[in-house]
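In what follows, chains carry the letters A, B, and so on, assigned in the order in which the sequence lines appear, proteins first and then strands, with residues in each chain numbered from 1.
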There are 2 protein chains.
Amino acid sequence: MTDQSTNTEKIILEAARKVFIEKGKEGARMQEIADEAGINKALLHYYFRNKQRLFEAVFLEAFEKFLPQLKIVIESDKPFLEVIQLFIENYINVIIENPYLPGFILHELSSNPENLALLLQQRVNNMDILVDKINVEIQQGKIKPIDPRQIIINILGLCIFPFVARPIIQKVFFSGDELSYQQFLSDRKTEVYHFIYNSIKA
Amino acid sequence: MTDQSTNTEKIILEAARKVFIEKGKEGARMQEIADEAGINKALLHYYFRNKQRLFEAVFLEAFEKFLPQLKIVIESDKPFLEVIQLFIENYINVIIENPYLPGFILHELSSNPENLALLLQQRVNNMDILVDKINVEIQQGKIKPIDPRQIIINILGLCIFPFVARPIIQKVFFSGDELSYQQFLSDRKTEVYHFIYNSIKA
DNA sequence: TAAGAATTTAACCTTTTAGTTAATCTATTC
DNA sequence: GAATAGATTAACTAAAAGGTTAAATTCTTA
């Protein structure tokens with residue numbers, strides 16, 4: 001693999017990412033990806049064989065980025081509430097940088113859940129560890145007795161939802177204004193933490 | 001319009017709803033919708049002219065159902081915390097009955113936000129009223145001083161997210177088991193309320 | 001620098017898909 | 001019960017889209 005081919009591959013992937021995320025797997029057109037990358041359509045097939053493979057390459061990359069850096073949360077020894085403060089800020093920042101990823105991932109997983117098992121196998125099976133951790137804190141009386149799964153899903157939902165529902169939120173609450181919506185997202189980094197804190201702190 | 005034609009129209013709409021929701025607008029095939037409805041493909045065009053129109057009919061119907069019965073919240077005179085208890089239970093029940101609607105709506109709005117303005121125009125402009133209501137309760141010291149928009153979006157996100165992220169949640173937290181996932185959703189009706197209550201009650 | 005390998009393209013091919021047409025079937029009504 | 005309007009179908013068309021091929025270009029290296 002020469003420098004040039006590595007470069008071309010990257011250009012294709014970036015173009016494909018853009019088009020797939022904007023239009024979805026089915027809505028995306030190979031020709032449009034080729035145009036976006038400024039190359040011939042046949043070159044897409046030269047590098048990625050077919051649409052399915054190209055899509056998988058893009059999806060996998062996106063999935064890796066979207067997967068919460070749960071390691072931060074799981075591997076840290078600090079109290080849960082401290083760790084999730086870091087996590088929430090960090091996670092919302094990641095999504096602000098890639099605002100369309102969550103919707104893309106969730107939609108493609110919904111319409112094609114078969115591959116999910118494989119994707120998760122070696123990745124997020126340590127969720128049990130996190131659940132145990134929260135249970136310990138509950139037994140220590142630091143956190144209210146709540147199903148840890150409810151807590152985790154609440155945190156993720158509060159972080160992700162504003163991006164998945166972006167158009168409707170931006171329109172209804174901010175009259176379509178970009179800046180105040182961005183400000184709102186930025187505020188969320190502390191708001192979500194306070195929200196969680198108040199609701200689960202014993 | 002005869003009885004038969006009304007009936008056929010309904011059958012088509014139901015088939016279209018099923019296929020569009022499962023595959024998305026782009027992924028759906030007119031032939032598949034016709035098969036699902038047990039009719040000839042030409043009949044789809046006879047009743048709905050083209051794919052775009054058929055899709056719009058389905059989408060509009062879905063959007064109406066998905067739009068929170070905000071009237072309950074807005075028109076009631078009871079205290080905010082009481083009203084949202086009713087709202088959350090009711091809303092989650094609606095989504096349990098139509099679990100794929102939220103993902104469908106949000107995805108189609110994301111990839112096609114142009115029509116949103118028209119859709120919302122005569123529908124949810126009374127969000128201001130709700131914001132004002134919350135502000136009053138804050139001034140009365142009943143609720144912690146939080147941006148009302150953050151509160152509203154938190155409530156909606158907590159209700160909707162578990163459905164949008166269904167496959168991943170079901171796999172990660174419930175090993176793919178249907179029953180325990182359903183139980184989890186059912187529990188949420190009270191969990192989400194308590195969560196909100198604890199986090200905003202002054 | 002010439003041979004050979006890797007990369008890129010223009011022009012095709014094939015299949016799929018939305019949409020059309022003209023004919024058939026089914027009711028209704030005079 | 002024939003005429004007519006509405007409902008439904010089989011067969012077809014045109015365009016779009018994914019994918020292929022063989023030739024041209026560029027790069028590498030002996």
Quiz prompt | Residues within residues 11-36 of chain A bordering DNA chain C, heavy-atom distance below 4.0 Å | solution = none

Quiz item: Once you round it to whole Å, what is the distance between C1' of dG6(D) and CG of L43(B)?
Solution: 11 Å

Exercise. For atom NZ of K18(B), decide whether the heavy atoms of other residues, nucleotides or ligands shown that lie under 6.0 angstrom number more than 12.
Key: no

Quiz item: OP1 or OP2 of dT8(C) less than 4.0 angstrom from a side-chain nitrogen or oxygen of T8(A), does that happen here?
Solution: yes

Quiz prompt | Interatomic distance where CD1 belongs to I39(A) and P belongs to dT25(D) [whole Å] | solution = 19 Å

Quiz item: What is the distance from OH of Y46(B) to C1' of dC25(C), rounded to the nearest Å?
Solution: 13 Å

Quiz prompt | Shortest side-chain distance from K41(A), nucleotide among dG18(D), dT9(D), dT7(C) | solution = dG18(D)

Quiz item: Among dG19(C), dT8(C), dT20(D), which nucleotide sits nearest the side chain of H45(B)?
Solution: dG19(C)

Quiz prompt | Spacing between N7(A) atom CG and dT8(C) atom C1', to the nearest angstrom | solution = 14 Å

Quiz prompt | Nearest-0.5 Å distance that lies between atom CD in E82(B) and atom OH in Y197(B) | solution = 10.5 Å

Quiz item: Does a donor on one side chain and an acceptor on the other come within less than 3.5 Å for N154(B) and Q150(B)?
Solution: no

Quiz item: Which residue pairs pass the ring-ring contact (aromatic ring centres under 6.0 Å, His included) test with at least one member in residues 163-184 of chain B, sequence neighbours excluded?
Solution: F174(B)-F184(B)

Self-check item: Test item: side-chain donor near acceptor, Q85(A) and E89(A), under 3.5 Å
Solution: no

Quiz item: L44(A) near the nucleic acid: base, sugar-phosphate alone, or nothing, with a heavy-atom cut-off under 4.0 Å?
Solution: nothing

Exercise. Scan N40(A) against the nucleic acid and name what it touches under 4.0 Å (heavy atoms): base, sugar-phosphate only, or nothing.
Key: base

Self-check item: Any N/O donor-acceptor pair, K51(A) side-chain to dG19(D) base, under 3.5 Å
Solution: no

Quiz item: Are OP1 or OP2 of dT8(D) and a side-chain N or O of Y47(B) less than 4.0 angstrom apart?
Solution: yes

Practice problem: Measure the distance from CD on Q52(B) to P on dG19(C) and round it to the nearest whole Å. | Solution: 9 Å

Exercise. For E97(B) and N93(B), run side-chain hydrogen bond (donor to acceptor under 3.5 Å, both in side chains): C-alpha distance rounded to whole Å, both residues' side-chain angles, the deciding distance at 0.1 Å, then the answer.
Key: CA-CA 6 Å; E97(B) 294 301 313; N93(B) 273 331; over 6 Å; no

Practice problem: Among the candidates dT21(C), dT8(D), dT8(C), find the nucleotide nearest to the side-chain atoms of A42(B). | Solution: dT21(C)

Exercise. Start with the C-alpha gap between D35(B) and Q31(B), add the side-chain angles, then the distance that decides, and say whether side-chain hydrogen bond (donor to acceptor under 3.5 Å, both in side chains) holds.
Key: CA-CA 6 Å; D35(B) 291 348; Q31(B) 186 59 58; 3.0 Å; yes

